[in-house]
Amino acid sequence: KIITLVCTIACIFGLTACDSEVTYTEYEQRKIDDATLIAENLVVPYLVGYMDEAELEKLDKYTAKEISQLVAEDTYSQTGGMLYLNIDGNAMKNAAISFNNAADKIGEIKEIGTATGKIDDKTIIVTVPVTGSLKNGNAEVIISNDMFYIVESASLNEESTMADAMVN
């Protein structure tokens, strides 16, 4: 009984320390801010276009390198020559599939919310809330933590409610 009590107390103290607030340097915060802008204004709006099955099928005829180049050119022209999206071609294809798969549950994206980010060693993880016509969701975009801000992966997941958890 004593061992069980000690383990329980250790778990309680361990859980209270799990969600501590992380303080970033000014440089790290600037990188997070840049990554959230990229995710919110370039990555998610671009990938929303692939929620349409016909658009997703167009990617099948290109190699990963060609996809990277096409995305860079598309986003460069969409931003008036201001920015381009630097994304790995395989990551783009997987992200487009993820967004397409989520379309049935989330529906049409009505609004893209304000992104939040955090640094996790060599990556910056950005979460972008989206409002769908059927359900809300969160896009998770993983960007390299270096000067190139390469999008390494992205996915769109439906927001789980307590009712969903109870059903499962």
Is [Y] close to [X] at the side-chain level, that is, under 4.5 Å between some pair of heavy atoms?
X    : Y    : answer
I143 : I150 : no
N145 : I119 : yes
T131 : I109 : no
N157 : N138 : no
L134 : I106 : no

In this structure, would I142 and I124 fall into the same cluster of hydrophobic residues linked by side-chain contacts under 4.5 Å?
no
Is there a side-chain contact (heavy atoms from CB on, under 4.5 Å) between Y62 and K93? Walk through the geometry before answering.
CA-CA 10 Å; Y62 297 109; K93 196 167 192 175; over 6 Å; no
Any side-chain to backbone donor/acceptor pair from N41 onto L37? Under 3.5 Å, distance only.
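Yes; judged by distance alone, with no hydrogens or angles, the pair exists.
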Heavy-atom donor-acceptor pair, S68 side chain to G89 backbone, under 3.5 Å
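Yes.
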Sequence neighbours excluded - side chain to side chain donor-acceptor pair (under 3.5 Å) pairs with any residue from residues 69-85:
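Qualifying pairs, neighbours excluded: Y46-D74, Q69-E73.
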Residue pairs passing the side chain to side chain donor-acceptor pair (under 3.5 Å) test where at least one lies in residues 110-125, sequence neighbours excluded
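The answer is none; no pair qualifies.
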Distance (rounded to the nearest 0.5 Å) between [X] [atom1] and [Y] [atom2]:
X    : Y    : atom1 : atom2 : result
D33  : I38  : CG    : CD1   : 11.0 Å
I125 : T36  : CD1   : OG1   : 14.0 Å
L47  : S155 : CG    : OG    : 10.0 Å

Closest non-hydrogen atom pair between [X] and [Y], with its separation:
X    : Y    : value
E158 : K135 : OE1-NZ, 2.7 Å
S144 : D146 : OG-OD1, 2.8 Å
A139 : L156 : N-CD1, 3.9 Å
A39  : V128 : CB-CG2, 4.0 Å
E53  : N100 : OE1-OD1, 3.1 Å

Which is it for L85 and V151 under the side-chain contact (heavy atoms from CB on, under 4.5 Å) test, yes or no, and what are the steps along the way?
CA-CA 8 Å; L85 183 56; V151 177; 3.7 Å; yes
List the steps and the verdict of side-chain contact (heavy atoms from CB on, under 4.5 Å) for I97 and N101.
CA-CA 6 Å; I97 291 168; N101 289 340; 3.5 Å; yes
With side-chain hydrogen bond (donor to acceptor under 3.5 Å, both in side chains) as the criterion, how do N86 and Y149 come out once you've worked through the C-alpha distance, each side chain's angles and the decisive distance to 0.1 Å?
CA-CA 7 Å; N86 193 357; Y149 297 112; over 6 Å; no
Contacts of type salt bridge (Lys or Arg N to Asp or Glu O under 4.0 Å), residue D104, not counting sequence neighbours:
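Testing D104 for salt bridge (Lys or Arg N to Asp or Glu O under 4.0 Å), a comparison that skips the adjacent residues, returns none.
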Between V130 and V44, is a side-chain contact (heavy atoms from CB on, under 4.5 Å) present by the stated rule, with each step listed?
CA-CA 9 Å; V130 296; V44 174; 4.2 Å; yes
Under a 4.0 Å N-O cut-off, is there an ion pair linking E55 with K58?
yes
